[in-house]
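Have a look at the structure below before the remarks.
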Amino acid sequence: MNQISVSEIMKSLDLEIVFKTLVLENFKIKKIKVQKILFELITEGCFINNENIHVIGKEELEYLSGENAEIQYQKIKNYFRNVSKIIIFAEDIEIPAYFLEITQKNNFEGIIFKSILSVQDIIKKTKKLFKEKLQEEIIIEDVLFLEIFGMGVLITGNASIRNSLALELMNRRHSFISNSSVKALNYSGGELLGENTITDYDKYILKMSNGVKFDILKNFGIALGRVNKRIDMILVLENWSPKKKFERLGLDEEYENILGVNIPKMKIPVKKGRSLSVIVEAVALNHRLKSFGENSSKIFFVLTKKLIGRNKMKSQNKVNSKSHLITNFEEIVRAKKISNTNSELYINNPELYFPIFEFSQLNKKDFNKFFHIIDEDICEQISKNKKEDREKILEEYFKNEISGILIKNDCDLKEEIIQRCEKNNINLYESKENFHHTIGLIEELFELEFSEKTTVHGVLMEIYGLGVLVIGKSGVGKSETGLELVTRGHRLIADDRVKVILNTDKILRGFSGEVPYFMELRGMGIINIRSLYGIGAVKESKTINMVVEIIEDESNEFNKEKKILTESILGVEIIKKVIYINTGRNTATLVEAVALDYKSKRLEIGGKD
């Protein structure tokens, strides 16, 4: 990498040496960082980078002058722990004596300069000098370079579709930089800048494969044209083949080194029926999310690992074939455990039991392993008894096997019941919110736990208010179709493994699962739909109204079969539509069309059999 001597910096900025312990001719700089240090003084040097050139102005000295001598000394001492080798005092200010004193006491190895220039002028001129002296450059040929959601995306591979992809993305208001060659510049020690080799805006022309020249700025406006952008990632477009390996989880990251800078690189499969622009947008969004510190692939891996451990424990701890271990009970029903806090909750029956007979000293039912509810009426009934009688009733009541109890928060005998539950190892809960709402959530949870269930390989979406289960062979594009539907305003319930429950009304309902809203896309790995597109793009569950099967059609023949198809899930027949995809047919559009057709028939406002 190129270097610049401190002598060149001194000459360019007309600097005056105040203090030095290094020989100027031997001191070379490789990186281009110039740093104002006010924030570092306030934070006691937490964010100081000793490879940067530090500039000190009036603002820094005014801040220090507001402190007493002891604090001044301590802050400067902290600063010198990771101090730069070059310090410049700006605006021709008088350097405080205490600063030079601490410099000598801390055996500072470097050079302190003084300048008549302002802080901003020093930073500006230094950056310009570094750009001229330190930059390395290379021309990258035959690429498409766009800005997508603030990310500089360099796209290579499959040249036949790159220009049409560029048009799609610009139509979605992303910016164009180049579709031929890009000049890559490295002059900042870690970042790579990509520039259009043609900087004349009048020549921003997209040359299509059929020979048509498309004037970008004339058709899309000046807002979508850029001269340069930092290169954040590289996408390689490759034709889909089941024999090729594409990243499935996104845990193994690939990089391409350009001028000493490692740029993340991904291979994106190109296949008919899929909107490539939507996939590229998702890749850019996911990379942006990573830059904010959220790695969806790693989060998914950690959550899945925990789930496997939980399911293993659930299997080992199962008491018998009728007993169900209820996990995440407090979180789901919004309750707080107030007794026996370290034990698990097992139930044998989904029905809730109100022990009014037991506390009224009437004949009792067999309620072993039921979950009990002690509401305001039962609390009042117990309180009516004398203390001796009440103790006898409670003693008799707690001899039985009870899965768990939800007690009214303001029950007068709560403390007494807590002691009994602790003694008998019974889980006791109280509601965090409305008591009767919590009861409703418990009923739903237990019904779900005891219902007949299965797992279906597919993607469950809510489209125009309908629950649409998209199925098909592996690799046909179910997840990509679901992703495009999300970008069109529809909602994802589950991807890949859809948990389906048959409730007591013989209605099928699909759920998002225990690790919800993640989606696997070949080439980029796991993405989090909720994080990328917001809470409005996902939903916990949905009744399944219809099934759509995606089939690849190599014959270019439309299926004209008239017979009505159904899909059997847990013994329930659901109407099924088959979509045959080929070049020129957008799968998401076809799924929307069949959903609308089905909805129109349900509303009896049109549609043909």
Side-chain angles (χ1 to χ4, degrees), residues 1-20 22-40 47-61 83-93 95 110-140 145 147 150 152 154 175 177-178 181-201 222 225-232 258-261 263:
M1 181 179 281
N2 296 335
Q3 297 180 338
I4 184 171
S5 69
V6 176
S7 297
E8 290 179 273
I9 298 172
M10 182 179 171
K11 184 178 178 181
S12 176
L13 298 178
D14 193 21
L15 301 176
E16 175 191 342
I17 297 176
V18 177
F19 179 89
K20 76 181 179 75
L22 296 176
V23 179
L24 291 180
E25 289 71 22
N26 298 336
F27 193 5
K28 307 287 185 181
I29 293 178
K30 298 178 181 180
K31 294 191 176 182
I32 180 185
K33 297 289 185 180
V34 189
Q35 182 179 8
K36 198 169 178 289
I37 69 160
L38 178 63
F39 184 65
E40 284 65 31
F47 300 94
I48 287 176
N49 186 333
N50 59 12
E51 294 182 342
N52 296 350
I53 292 177
H54 292 178
V55 183
I56 299 176
K58 290 179 181 178
E59 201 173 6
E60 284 77 9
L61 294 187
V83 72
S84 167
K85 293 185 182 299
I86 299 180
I87 302 172
I88 302 174
F89 278 83
E91 304 166 274
D92 201 26
I93 56 179
I95 302 176
I111 307 171
I112 298 176
F113 291 107
K114 189 174 180 181
S115 172
I116 61 171
L117 298 175
S118 69
V119 172
Q120 293 304 320
D121 283 343
I122 290 173
I123 293 173
K124 186 177 178 180
K125 287 193 173 188
T126 307
K127 285 185 175 180
K128 183 180 179 182
L129 175 66
F130 283 5
K131 184 174 180 180
E132 292 171 353
K133 297 288 185 178
L134 297 184
Q135 78 174 27
E136 296 177 283
E137 65 180 58
I138 188 174
I139 300 296
I140 305 172
F145 190 30
E147 180 190 37
L154 205 62
S175 297
I177 301 158
S178 176
S181 59
V182 172
K183 182 194 289 184
L185 305 166
N186 177 14
Y187 56 82
S188 63
E191 291 186 351
L192 204 64
L193 185 72
E195 289 186 351
N196 191 334
T197 53
I198 301 173
T199 55
D200 186 350
Y201 273 89
I222 193 73
R226 285 197 63 151
V227 175
N228 56 44
K229 181 74 180 79
R230 183 185 64 235
I231 300 174
D232 294 296
I258 303 174
L259 297 176
V261 180
I263 306 295

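As the structure is a prediction and not an experimental result, all values here were calculated from the model.
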Is Arg230 reaching over with its side chain to a backbone N or O of Asp232, donor-acceptor style, under 3.5 angstrom?
no

Backbone of Ile177 reached by a side-chain donor or acceptor of Asn196 within 3.5 Å
yes

From CA spacing to verdict: side-chain contact (heavy atoms from CB on, under 4.5 Å), Ile93, Leu61:
CA-CA 9 Å; Ile93 56 179; Leu61 294 187; 3.4 Å; yes

Could you walk me through whether Leu15 and Ile111 satisfy the side-chain contact (heavy atoms from CB on, under 4.5 Å) test, starting with their C-alpha distance in whole Å, then the side-chain angles of each, then the deciding distance to 0.1 Å, before giving a yes or no?
CA-CA 11 Å; Leu15 301 176; Ile111 307 171; over 6 Å; no

To the nearest 0.5 Å, what is the distance between [atom1] on [X] and [atom2] on [Y]?
| X | Y | atom1 | atom2 | value |
| --- | --- | --- | --- | --- |
| Glu16 | Ile112 | CD | CD1 | 12.5 Å |
| Glu8 | Leu129 | CD | CG | 7.0 Å |
| Lys36 | Ile122 | NZ | CD1 | 11.0 Å |
| Leu193 | Lys229 | CG | NZ | 9.0 Å |
| Lys183 | Ser178 | NZ | OG | 12.0 Å |
| Gln120 | Glu91 | CD | CD | 9.5 Å |

Report yes if some heavy atom in the side chain of [X] is under 4.5 Å from a heavy atom in the side chain of [Y]; otherwise report no.
| X | Y | result |
| --- | --- | --- |
| Phe113 | Ile17 | yes |
| Val6 | Ile86 | yes |
| Leu185 | Glu195 | yes |
| Glu191 | Asn186 | no |

Determine the minimum heavy-atom distance between [X] and [Y], stating which atoms define it.
| X | Y | value |
| --- | --- | --- |
| Ser118 | Ala90 | C-CB, 4.0 Å |
| Ala184 | Leu259 | O-CD1, 3.5 Å |
| Val182 | Gly194 | CG1-CA, 3.7 Å |

Is it the case that over 12 heavy atoms from other parts of the model lie below 6.0 angstrom from the NZ atom of Lys125?
no

Check the pair Ile95 / Val18 against side-chain contact (heavy atoms from CB on, under 4.5 Å), numbers first and verdict last.
CA-CA 9 Å; Ile95 302 176; Val18 177; 3.6 Å; yes

Using side-chain contact (heavy atoms from CB on, under 4.5 Å), reason through Phe145 and Ile231 one step at a time and then give a plain yes or no.
CA-CA 9 Å; Phe145 190 30; Ile231 300 174; 3.7 Å; yes

